[in-house]
Amino acid sequence: MANFFLDNEFLQFHLSHPLMKKIVELKENNYKEAEQYDTAPIDFDDAMDSYAKILEIIGEICGDIIAPNAESVDEEGAHLVNGEVVYAKGTQENHRALTDAGVYGIALPRKYNGLNFSMVPYVMAAEMVARADCGFANIWGLQDCAETIYEFASEELKNKYLPLINKGYTCSMDLTEPDAGSDLQAVQLKAHFDEQNNCWRLNGVKRFITNGDADIKLVLARSEEGTKDARGLSYFLYDRKDKAVTVRRIEHKLGIKGSPTCELVFNNAPAQLVGERRFGLIKYVMTLMNGARLGVAAQSVGLSEAAYRETVKYANEREQYGKKIINFSAIKEMLGNMKAKIDAARSLLYENSRFVDMYKIYETIAKERSLTPEERTEMKLYQKLADAYTPMLKLMSSEYVNQVTYDAIQVHGGTGYMKDFPMERMYRDARITSIYEGTSQLQVVAAIRAVGTGVYLNQMKEYETQSIKPEFESLKNKLIDMRTRYEMICEKAKAVNNAEIYDLIARRLVETAANIIMGHLLLADANKNDMFVDSAHIFIAMADAQNREKENYILSIDETTWEAYKQINR
């Protein structure tokens with residue numbers, strides 16, 4: 001029997017991070033619910049034991065059910081029957097197994113049939129599900145919608161819909177339209193209030209909606225007549241039971257075929273307002289999107305892990321010129337680089353997850369009582385870090401999974417190009433990760449702010465204060481040198497008196513910062529556990545070389561080069 005938690009010591013390592021003690025104590029409100037709920041822990045050790053046991057259950061389902069179903073799900077896909085989406089047989093089996101295990105909604109409070117888990121184990125579950133089947137990870141991950149309902153909806157809506165998540169009710173976030181993809185402020189689906197029936201009515205078309213025929217739908221719509229920008233948009237909850245939405249078609253996609261992507265027609269569909277009018281995009285969708293981007297990062301790391309394991313297995317079995325190909329230097333380099341990228345992305349994933357945990361827990365506490373000045377300061381710090389790290393994480397992890405699956409196909413050779421082997425499916429599945437929930441280019445737009453405000457630089461200096469073993473001093477000194485050079489190119493960027501040129505170099509600035517930050521995280525991991533030592537050496541060397549290339553480009557760019565770009569694109 002396979003277990004995707006027990007066979008991954010790296011997950012177990014990140015679950016034991018020192019900050020988890022504070023996260024769990026805050027999340028459990030000093031374990032006061034133990035008197036009210038049998039599932040509530042009595043202390044930190046009890047809580048961590050619960051985390052581990054639930055992750056073991058999910059890990060077993062991933063290894064024994066979801067992963068074996070992945071190939072058949074990819075082949076069958078979802079399909080339309082009488083205007084409704086029917087999941088592939090394997091998808092139905094996956095969903096039923098997780099529902100029967102009671103692990104949907106594990107991050108929700110216990111009063112809504114959740115387990116009140118922190119973000120870290122929830123993200124670990126998402127990583128394992130994605131390792132098993134990248135497409136099914138979307139169906140699992142869209143329970144993030146429940147977090148939005150919990151944070152912003154009325155008590156009536158929360159009490160009605162949140163307990164349904166644990167029963168397996170599926171979710172979707174219906175944002176994009178034929179003419180509103182990345183530019184969500186262009187959304188035109190109309191919402192008007194029906195006074196006679198005391199509900200809102202939705203009319204229009206949504207396109208590229210993941211899991212589009214879900215039971216619970218969160219819909220972005222234009223509630224303010226005559227508006228054209230984000231301030232005219234509100235957020236609504238639609239219940240599939242009302243049968244006022246038609247699935248026009250399921251898109252034929254390159255990958256993640258088990259996850260139905262739909263075009264929907266809303267025909268006077270009844271809906272309830274979530275939160276306040278006009279804040280749909282400005283507040284609620286942006287909060288949901290940050291959670292979704294964290295989910296895509298977990299999806300990317302999980303798929304990278306699956307691809308790497310398949311590649312190591314193949315390289316140990318395949319022989320050429322009288323020896324196994326894993327013994328060739330070129331293959332060793334590719335595998336080493338793949339592993340270093342995965343370890344770095346995973347360290348960034350759980351660093352960011354802890355940041356999100358801390359500020360969201362404080363936000364929840366603030367609804368019950370006033371935060372102390374120290375708590376409020378800490379909440380603002382972690383929220384600032386989460387806002388800065390989330391786009392960086394989504395950018396790097398999604399680009400890495402594309403690189404990892406590309407190299408995995410290369411190691412497999414012609415075999416990897418064939419549908420007889422899972423790498424072909426994984427390669428197709430990976431491509432969407434750098435596109436949906438905000439393209440890599442949009443992540444740069446969000447992350448570049450943290451370059452300009454010095455958030456990344458301050459974190460680099462904070463990491464530099466951490467003590468390390470003597471054998472890692474050379475790596476730390478290399479990271480300090482990289483940070484010094486980063487400061488230099490940031491000054492160069494500030495001096496650029498041309499917004500278009502600054503935009504041109506923005507991605508290199510963000511990726512340079514990401515390389516240094518991930519290098520520090522891997523160094524800290526190696527300082528605690530020997531299993532990270534090789535990846536730390538490989539990644540920091542690779543990052544240093546990449547940063548030098550980016551630095552040279554930034555220092556050489558000028559008006560003449562930019563004019564050349566403009567001429568080519570005319």
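Just so it is clear, the model here is predicted, and its values are computed rather than measured. In this chain, residues are counted from 1 in sequence order.
- For Glu84, the salt bridge (charged side-chain N to carboxylate O under 4.0 Å, His left out) test picks out Arg240, Lys243, with sequence neighbours left out.
- Atom CG of Asn267 sits in a sparse spot, with 12 or fewer heavy atoms from other residues, nucleotides or ligands closer than 6.0 Å.
- Take Phe355 and apply the ring pair (Phe, Tyr, Trp, His ring centres under 6.0 Å) test, not counting sequence neighbours, and it matches Tyr382, Tyr389.
- A donor-acceptor pair under 3.5 Å links the side-chain atoms of Asp357 to the main chain of Val120, judged by distance alone.
- For the salt bridge (Lys or Arg N to Asp or Glu O under 4.0 Å) condition, the pairs that include at least one residue of residues 254-275, sequence neighbours left out, are Arg207-Glu263, Arg248-Glu263, Arg249-Glu263.
- Using a 4.5 Å cut-off on side-chain heavy atoms (C-beta onward), Glu127 and Asn8 make contact.
- Listed by first then second residue, pairs satisfying salt bridge (Lys or Arg N to Asp or Glu O under 4.0 Å) with a partner in residues 382-394 number zero, not counting sequence neighbours.
- Residue pairs meeting the ring pair (Phe, Tyr, Trp, His ring centres under 6.0 Å) criterion with at least one member in residues 253-274, sequence neighbours excluded, do not occur.
- Partners of Arg507 under the salt bridge (charged side-chain N to carboxylate O under 4.0 Å, His left out) rule, at least two apart in sequence or in another chain, are Glu399, Glu511.
- Pairs engaging residues 181-203 under the ring pair (Phe, Tyr, Trp, His ring centres under 6.0 Å) rule: Phe193-Trp200, Trp200-Phe236 [sequence neighbours left out].
- When the shell of 6.0 Å around CG of Asp179 is examined, it contains 12 or fewer heavy atoms from other residues, nucleotides or ligands.
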Stepwise side-chain contact (heavy atoms from CB on, under 4.5 Å) test for Asp239 and Tyr161: CA-CA 9 Å; Asp239 190 327; Tyr161 288 101; 2.9 Å; yes

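- When atom types are taken as modelled, the side chain of Asn94 and the backbone of Gly90 share a donor-acceptor pair closer than 3.5 angstrom.
- Between Phe117 and Tyr51, the ring center distance clears the sub-6.0 Å criterion.
- For the pairing with Glu305, the salt bridge (Lys or Arg N to Asp or Glu O under 4.0 Å) check across Lys341, Arg131, Arg346 returns one residue only, Arg346.
- A side-chain donor from one of Ser172 and Lys217 sits under 3.5 Å from a side-chain acceptor of the other.
- Although no hydrogens or angles enter the test, the distance criterion places a donor-acceptor pair under 3.5 Å between the side chain of Lys206 and the main chain of Leu220.
- Salt bridge Asp194/Arg201: present, at least one basic N to carboxylate O contact under 4.0 Å.
- For Lys27, the salt bridge (charged side-chain N to carboxylate O under 4.0 Å, His left out) criterion is met by no residue, not counting sequence neighbours.
- Under the 3.5 Å distance criterion, the side-chain polar atoms of Asn166 are left unmatched by any main-chain donor or acceptor of Gly114.
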Apply the test side chain to side chain donor-acceptor pair (under 3.5 Å) to residues Asn211 and Tyr87: give CA-CA distance (whole Å), side-chain angles for both, the deciding distance (0.1 Å), then the verdict. CA-CA 10 Å; Asn211 205 31; Tyr87 291 144; 2.6 Å; yes

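- Using a 4.0 Å cut-off between a side-chain N of Lys or Arg and a carboxylate O of Asp or Glu, Lys283 and Glu276 do not qualify as a salt bridge.
- Note on residues 97-113: pairs passing side chain to side chain donor-acceptor pair (under 3.5 Å), not counting sequence neighbours, are Glu28-Arg110, Glu33-Arg110, His95-Tyr104.
- Between Tyr359 and Leu385 the shortest side-chain heavy-atom distance does not fall below 4.5 Å.
- With sequence neighbours excluded, the residues satisfying salt bridge (charged side-chain N to carboxylate O under 4.0 Å, His left out) with Arg354 are Glu351.
- Side chain of Gln143 to backbone of Trp140: a donor-acceptor contact under 3.5 angstrom is found.
- With sequence neighbours excluded, the residues forming a ring pair (Phe, Tyr, Trp, His ring centres under 6.0 Å) with Tyr284 are Phe152, listed by chain and number.
- Checked options Val187, Leu184, Thr210; the residue passing with Thr176 is Leu184 (criterion: side-chain contact (heavy atoms from CB on, under 4.5 Å)).
- Cys171 places none of its side-chain heavy atoms less than 4.5 Å from the side chain of Leu218.
- Judged as a ring pair (Phe, Tyr, Trp, His ring centres under 6.0 Å), and not counting sequence neighbours, Tyr238 has no contacts.
- Taking the charged nitrogens against the carboxylate oxygens, Glu71 and Arg425 do have a contact shorter than 4.0 Å, which makes a salt bridge.
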